[in-house]
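Comments concern the structure below.
Letters A, B, ... are given to chains in the order of the sequence lines, protein chains preceding strands, and every chain is numbered from 1.
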Protein chains: 2
Amino acid sequence: MRILIIEDNADLAANIGEFLEGRGEIVDYAGDGISGLHLAVINSYDAIVLDLSLPGLDGLELCRRLRAEESRYVPILMLTSRDTERDKLLGFDMGADDYLTKPFSLPELLARLRAMARRAHAPQSLLQVADLELNLRTLIARRGERRLELSPIGRRMLEKLMRASPAVVSRADMVNAIWGDDPPDSDAALRTHIHALRAAVDQNNPVKLLHTMHGIGYRLAVDDAI
Amino acid sequence: MRILIIEDNADLAANIGEFLEGRGEIVDYAGDGISGLHLAVINSYDAIVLDLSLPGLDGLELCRRLRAEESRYVPILMLTSRDTERDKLLGFDMGADDYLTKPFSLPELLARLRAMARRAHAPQSLLQVADLELNLRTLIARRGERRLELSPIGRRMLEKLMRASPAVVSRADMVNAIWGDDPPDSDAALRTHIHALRAAVDQNNPVKLLHTMHGIGYRLAVDDAI
DNA sequence: GTCTTCGATGATCAGGATGCGCATGGATGT
DNA sequence: ACATCCATGCGCATCCTGATCATCGAAGAC
């Protein structure tokens with residue numbers, strides 16, 4: 001998952017971030033509301049951790065503005081300092097999906113983030129394209145009866161491609177989905193991973209699913225599909 | 001937006017309704033399938049929230065009957081109680097546009113409703129001229145049943161021509177559409193690409209679509225059209 | 001009306017640029 | 001030690017371009 005942390009307490013943000021990164025998530029940070037909103041609009045996150053009290057633009061206002069955007073829906077988990085704040089929040093209900101009162105345990109934070117993200121994708125928690133399927137809960141991918149061995153990056157690429165299918169995923173979108181703001185220097189890395197993914201998906205199968213759109217990107221679909 | 005909620009659980013319906021009204025939406029209620037279907041046919045909603053399990057007429061059946069109507073298409077979001085129910089749904093696919101498994105977050109429900117409504121009014125991503133079509137999402141072009149092999153520049157030229165059809169696209173416009181501010185030195189490049197595009201589109205077909213307007217530009221249309 | 005003329009366009013091809021697949025080895029973290 | 005990731009280098013495929021020659025069409029001369 002790609003997660004945005006909006007939190008002005010640098011120590012807390014670092015704590016959360018290190019923990020999440022240790023569990024294989026990709027984390028971006030924002031120290032204030034303005035830059036947080038900006039990042040949230042620019043990029044596409046699977047979930048946002050948002051502190052209620054922020055300098056500049058507070059959590060409630062940020063939430064409201066983000067929901068006002070007609071763009072993609074992003075699950076938001078709000079952090080509050082005291083129970084009283086939280087109760088007040090529930091009355092207001094500015095559009096957060098879940099709440100957590102400090103102090104909290106990091107494993108619980110992660111669990112809630114995953115639950116939110118899973119619900120957000122609920123109808124598609126089993127992605128299917130032709131005889132290829134990816135279970136987002138177990139993270140197991142299959143092509144027919146054969147189970148595919150994928151690296152974490154390979155899985156994310158596959159997920160991105162399957163969600164977009166049968167549309168094309170541009171190289172830029174793919175790079176952004178995998179590495180976010182910090183892509184590797186050359187684009188050779190993407191080529192290498194595509195190569196590995198293609199080997200996993202299409203090897204030993206006459207029906208090819210992963211197609212290259214020269215100069216544009218990649219596309220996952222049965223060849224003659226629309 | 002005007003939204004219809006068909007849900008027999010009065011508490012849940014009230015919850016959803018209050019939330020949506022708090023966000024400025026207009027909400028109608030139905031407590032069972034029969035009255036829900038009636039309301040849906042009489043009025044014109046931007047979206048419908050439909051519980052799968054209903055007394056009298058269940059969600060699937062209601063969905064089917066509503067789709068059988070020759071009237072306006074209404075986006076339907078189906079609520080299901082358990083993942084198992086949802087899996088069954090995916091198999092049946094009775095025409096709902098989206099699914100949400102209880103429990104769900106209200107902001108997400110709203111986001112999905114808005115997304116559905118927006119999608120219902122989405123700009124056409126399939127361009128058509130006679131039996132020629134170009135899918136802008138998959139970037140696949142067809143002439144009848146035959147699939148066309150196009151280069152990136154060929155695709156952009158075709159898109160430009162199809163959008164303009166049946167009007168003429170001047171050479172200057174075409175050059176600008178493809179290369180922008182940095183056109184090639186000679187106009188030979190454009191001629192070459194037009195040649196390639198003509199070969200792809202009109203070869204082996206008595207009905208020619210790509211016409212040259214001498215001294216003006218190019219035009220994509222059936223010969224005898226205006 | 002017909003012919004002539006010349007600029008505009010079509011057809012074709014080869015060289016060069018670019019994009020991409022693929023194999024390999026080193027770097028990194030666990 | 002192992003998996004994973006990423007950079008390098010090579011070779012192939014595709015694409016783009018410019019050159020050249022053939023053809024077409026509009027406009028004026030007769």
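Contacts between chain A and DNA chain C, taken as any atom within less than 4.0 angstrom of a protein heavy atom, begin and end at C:dG19 to C:dA23.
Of the residues B:Leu161, B:Leu220, B:Asp202, B:Thr192, the one that meets the side-chain contact (heavy atoms from CB on, under 4.5 Å) test with B:Leu197 is B:Leu161. For the side-chain contact (heavy atoms from CB on, under 4.5 Å) with B:Val201, the qualifying choice from B:Leu150, B:Val129, B:Leu148 is B:Leu148, the only one to do so. Considering B:Arg155, B:Arg163, B:Arg156 as possible partners of B:Glu159, the one that fulfils the side-chain hydrogen bond (donor to acceptor under 3.5 Å, both in side chains) test is B:Arg163.
Applying the salt bridge (Lys or Arg N to Asp or Glu O under 4.0 Å) rule to pairs touching residues 184-198 of chain A yields A:Arg171-A:Asp187, A:Asp187-A:Arg191, sequence neighbours excluded.
Residues from residues 191-199 of chain B that place a heavy atom under 4.0 Å from any atom of DNA chain D, listed by number: B:Thr192, B:His193. Within residues 150-160 of chain B, no residue places a heavy atom under 4.0 Å from DNA chain C.
Residues passing the side chain to side chain contact (heavy atoms under 4.5 Å, CB included) test with A:Ala13 are A:Ile5, A:Glu7, A:Tyr29, sequence neighbours excluded. In this structure, the side chain to side chain contact (heavy atoms under 4.5 Å, CB included) partners of A:Ala199, at least two apart in sequence or on a different chain, are A:Gln203. For B:Asn15, there are no side chain to side chain contact (heavy atoms under 4.5 Å, CB included) partners, not counting sequence neighbours. Evaluation of the side-chain hydrogen bond (donor to acceptor under 3.5 Å, both in side chains) rule for A:Asp28 yields A:Arg2, A:Tyr45 as partners, not counting sequence neighbours. For the side-chain hydrogen bond (donor to acceptor under 3.5 Å, both in side chains) test, no residue two or more places apart in sequence or in another chain qualifies with A:Asp8. By the side chain to side chain contact (heavy atoms under 4.5 Å, CB included) test, A:Arg114 is found to be paired with A:Met1, A:Arg23, A:Glu25, A:Leu110, residues two or more places apart in sequence or in another chain being considered. By the salt bridge (Lys or Arg N to Asp or Glu O under 4.0 Å) test, A:Asp32 is found to be paired with no residue, residues two or more places apart in sequence or in another chain being considered.
Straight-line distance from the CE atom of A:Met174 to the P atom of D:dC6: 14 Å, rounded to whole Å.
Taken over five-pair windows at either terminus, the axes of the helix from C:dG1-D:dC30 to C:dT30-D:dA1 are inclined to one another by 30° (rounded to 10 degrees).
Of the side-chain N and O atoms in B:Trp179, none sit less than 4.0 angstrom from OP1 or OP2 of D:dC16.
From A:Leu50, atom CG reaches atom CG of A:Leu100 across 12.5 Å, with rounding to the nearest 0.5 Å.
Nearest to the side-chain atoms of A:Ser186 among the listed nucleotides D:dT14, D:dT17, D:dA7 stands D:dA7.
A donor-acceptor pair is defined here as one N or O able to donate and one able to accept, closer than 3.5 Å; no such pair exists between the side chain of A:Asp51 and the backbone of A:Leu54.
No contact: B:Asp187 has no heavy atom under 4.0 Å from any strand.
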